[in-house]
Amino acid sequence: MDILENLNKEQIEAVKHIDGPLLVLAGAGSGKTKVLTTRIAYLISLGVSPDNILAITFTNKAAGEMKERISKLVGFSSKFMQISTFHSFGLKIVKENYEYLGYDKNFVIFDADDTLTIIKKILKDKNLDPEKFNPRAIRSQISKLKNDLIDSKKYSSFSLTEFEKVVLEVYKKYESELIKNNSLDFDDLLILPIKLFEQRKDLLLMYQERYKYILIDEYQDTNEAQYKLTKLLASKYKNICCVGDADQAIYGFRGANYKNILNFESDYKNALVIKLEENYRSSKTILDAANSVIKNNKNRKSKNLYSNLGIGDKITYYRANSGLDEVKYVVNKIKELKDNLVSLSDIVILYRTNAQSRVFEDGLMKAGIPYKIVGGLNFYSRMEIKNLLAYLRLICNSNDNVSLERIINVPRRGIGTKTISNLYDKSYLFNVSLYDAIDSGKELVFKNMIEELKSIKDTMSLVEFIDLVLDKSGLRKELVDEKTLEADIRLENLEEFKSVAKSFEDEMGVVSLDDFLLNVSLITDNNDFKEDNNAVSLMTIHAVKGLEFDYVFVVGLEEGLFPHQNSMFSEEELEEERRLCYVAITRCKKKLYLSNARMRLMYGSEQVYPISRFINEIDANLLENESKVVKYDEKNKKIDYNDSSEKIDVKSKYGDDEMNYKVGDLVYHEVFGMGTITNIILNEKDPKKTLLKIAFKLPYGIKTLIYSHKSLRKV
DNA sequence: CCATAATTCTTTTTT
DNA sequence: AGAATTATGG
């Protein structure tokens, strides 16, 4: 059969094992997407109906790519197959059963911003100090609980600390607020289907019959809720194929449990396990580097990933003097590649945190090199887009208090805090939404405008309607009148949003506003709609998972940044950072560039970080060091960096016997506990007043302390 | 109520 | 450093 052409023995075995559970342990670059797509094509060639297939991927991008590849293989559109992320799939189930789940037809999805707004409001209502109880921390705790399938009722039976008691109190209110607003959060998209299936065996059976063949990608990154959902669906036919690699588990912070992959065989009796160990992506040098890093993880099953693609180029390493110097280096290298006719779309810059993208954007822009940022601060979180979306959501769902409060005075209509607080009082008194509480004043004018839009929304196309909303609301006029460059950009973004709506309409046929809104909430990346083929990609390492590039730059390899300082306290988290590094390296097909900076500007001040341990874990003979040897004078300061340890050693500089701290050292503080030194601020005049910046565990965070403080000691 | 000034975060990673 | 939130005075 020709769809099996170009597959190796193990891959073919994985494709052909149709009946019963199958676990594919697929090392990086071993062709797992190929296996998944071919497997689906194979199922169809055997006569399995496309709508009996459910394939779950990790990102929308991966889902799109898979659909495309399958269409090519089977020769017809893949739109009859359910290929999506867990969350999109969950949304589909919720949409089909909203009534039973207790929601109104026009429910909306609240994003992270919206949920944060709700949590802040709850804290305020309960007179809880947000300084003491960080709303973000509460949000992430609630999210974690939800993904562990612990609702507030269950949580109340736990023994709780003071903070957790507050979380519980907020959690209870949060649950009821979401329902009151006729809204779901992201986590509900996983939880509600589970709830549905547990309560309604008849419906579960129906879905089990519908999805007889289940494929799950990136199984190592499934959390408890996703695991449960999968298990419920697969429990009847057990035709489940999970693909994953424990070395690439990088979502532990979100509750993912890579042990799901280790437990597969005990979860599914008679499971077949197939290992894919030949890497078809990277040169031997790159693979050796990846292996030499990952082997430092103690909690790991060793495996034997190999490549037959030849030695390839050495890995280039550059230690810059500053963050800007690092940018300059990377930009110059990219220019060189471009001159050698390398397509920009084959180049990616990878970083640990989104905040790092900015300097690279700047540098590329100045150099006139086109680039695109994948993920990050996304399109939909821009103010003008959020405002427009809030209008659209309120039009669909008048219970949405969050959206109403956001836009009732945007543009300015002279409706202020007092009016809103009156509305809240009224809404509590009569137990109605803010919207329904409106009955007079300027706010009634607003309400009438929304009512008018409501009544005509179904008489025209999506794009026409959005245009109308922009006009009637005054959003467009406000920006046009502003006549600033910034306002022009915002207007452009609104146009861009319209074209997103247009392509959505074109792709899906006629769609309702409700449908559009639900789908928009799950799109995190505008690039899903726009392919830019001649641009360097910039993204976090988390975002690059599953992708590959010829030329890969991994930047910011410094202790404290990568591995991130928040991860340096626990062995577990540190190992996750190392897996992240493994993922970064294994994206590369041809040439890998690693870099860092001796010093960089962060939070508006200079930070000095030592070389990342991951660099030191790579076999030195795989690296080609392009760092400049630096010995220079600047403002009477002699800096000698040509030192292998490169740690600032205060003792050697000042001959102070008591002081012997280095960046990266672990210290113990009587109040804050264990911490890591992230920066040493030397006091030239009075060495006794040298300050240490130390990262302590939350809730303490980064503290600046005088080194000689009596409660501080080295460990 | 709103414009401006002052202050206080922000940075881990995401569907 | 820059954004975002809050305080102040008109």
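Computed from heavy atoms alone, side chains included, the values below leave out hydrogens, waters and symmetry copies.
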task: Indicate the atoms forming the closest heavy-atom contact of Asn147(A) with Glu224(A), along with that distance.
output: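 Smallest heavy-atom distance, with atoms named: O-CB, 3.3 Å.
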Of the listed nucleotides ([options]), which one gets closest to any side-chain atom of [X]?
{"X": "Lys418(A)", "options": "dT14(B), dC1(B), dT10(B)", "value": "dC1(B)"}
{"X": "Thr353(A)", "options": "dT14(B), dC2(B), dT13(B)", "value": "dT13(B)"}
{"X": "Met602(A)", "options": "dT13(B), dT11(B), dC1(B)", "value": "dT11(B)"}
{"X": "Asn354(A)", "options": "dT11(B), dT15(B), dT14(B)", "value": "dT14(B)"}
{"X": "Arg358(A)", "options": "dT11(B), dC1(B), dA3(C)", "value": "dA3(C)"}
{"X": "His87(A)", "options": "dT14(B), dT10(B), dT15(B)", "value": "dT15(B)"}
{"X": "Thr419(A)", "options": "dT5(C), dC1(B), dA3(C)", "value": "dC1(B)"}
{"X": "Arg136(A)", "options": "dT10(B), dC1(B), dT13(B)", "value": "dT10(B)"}

May I have the distance from [X] (atom [atom1]) to [N] (atom [atom2]), rounded to whole angstrom?
{"X": "Gln356(A)", "N": "dT10(B)", "atom1": "CD", "atom2": "P", "value": "18 Å"}
{"X": "Asn519(A)", "N": "dT15(B)", "atom1": "CG", "atom2": "C1'", "value": "14 Å"}
{"X": "Met599(A)", "N": "dA1(C)", "atom1": "CE", "atom2": "C1'", "value": "15 Å"}
{"X": "His542(A)", "N": "dT15(B)", "atom1": "NE2", "atom2": "P", "value": "11 Å"}
{"X": "Asn60(A)", "N": "dT15(B)", "atom1": "CG", "atom2": "P", "value": "8 Å"}
{"X": "Ile56(A)", "N": "dT15(B)", "atom1": "CD1", "atom2": "P", "value": "15 Å"}
{"X": "Ile408(A)", "N": "dC1(B)", "atom1": "CD1", "atom2": "P", "value": "11 Å"}
{"X": "Ile541(A)", "N": "dT11(B)", "atom1": "CD1", "atom2": "P", "value": "18 Å"}

message: When you compare the ring of Phe58(A) with the six-membered ring of dT15(B)'s base, are the centres less than 5.5 Å apart and the planes under 30° from each other?
response: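 No, aromatic ring not over the base.
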- prompt: Between His564(A) and Phe253(A), is the ring centre distance below 6.0 Å?
  reply: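 No, the ring centres sit 6.0 Å or more apart.
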message: Does Tyr251(A) reach a base, just sugar-phosphate, or nothing at all? Heavy atoms under 4.0 Å.
response: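 Since only primed, P, OP1 and OP2 atoms lie under 4.0 Å of Tyr251(A), the category is sugar-phosphate.
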query: Hey, does Thr417(A) reach any base, or is it just sugar-phosphate, or nothing, if we go heavy atoms under 4.0 Å?
result: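 The answer is sugar-phosphate, as Thr417(A) gets under 4.0 Å only of primed atoms, P, OP1 or OP2.
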message: I'd like the C1' distance from dT11(B) over to dA4(C), given in whole Å.
response: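 That atom pair is separated by 15 Å.
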With Lys92(A) via side chain to side chain contact (heavy atoms under 4.5 Å, CB included) - residues at least two apart: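 If we apply the side chain to side chain contact (heavy atoms under 4.5 Å, CB included) test to Lys92(A), skipping adjacent residues, the hits are Gln82(A), Glu96(A), Arg210(A), Tyr211(A).
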- prompt: Has Lys121(A) got its NZ or CZ under 6.0 Å from the middle of the six-membered ring of Tyr424(A), at an angle within 45 degrees of the ring axis?
  reply: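 Yes, a cation-pi geometry holds between Lys121(A) and Tyr424(A).
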task: Could you say whether His564(A) or Gly416(A) is positioned toward the 5' end of DNA chain B, judged by the nucleotide with the nearest heavy atom to each?
output: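 Mapping each residue to its closest nucleotide by heavy atoms, the 5'-most match is Gly416(A).
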- prompt: How do Glu577(A) and Asp187(A) order along DNA chain B: which one's closest nucleotide is nearer the 5' end?
  reply: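 Here Glu577(A) is the residue nearer the 5' end.
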- prompt: Mind checking whether Tyr219(A) and Tyr227(A) have parallel, tilted or perpendicular rings, split at 30° and 60°?
  reply: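 Rings of Tyr219(A) and Tyr227(A): tilted, 30 to 60°.
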- request: In plain terms, say whether Asp362(A) and Arg358(A) are close enough for a salt bridge, that is, a side-chain N and a carboxylate O under 4.0 Å apart.
  value: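 Salt bridge flag = no for Arg358(A) with Asp362(A).
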- request: Would you please confirm or rule out a distance under 4.0 Å between OP1 or OP2 of dT14(B) and any side-chain N or O of Thr59(A)?
  value: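 Result: no.
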- request: Please check the phosphate of dC2(B) (OP1 and OP2 only) for any side-chain N or O of Asn409(A) closer than 4.0 Å.
  value: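 Asn409(A) to dC2(B) OP1/OP2: side-chain N or O found under 4.0 Å.
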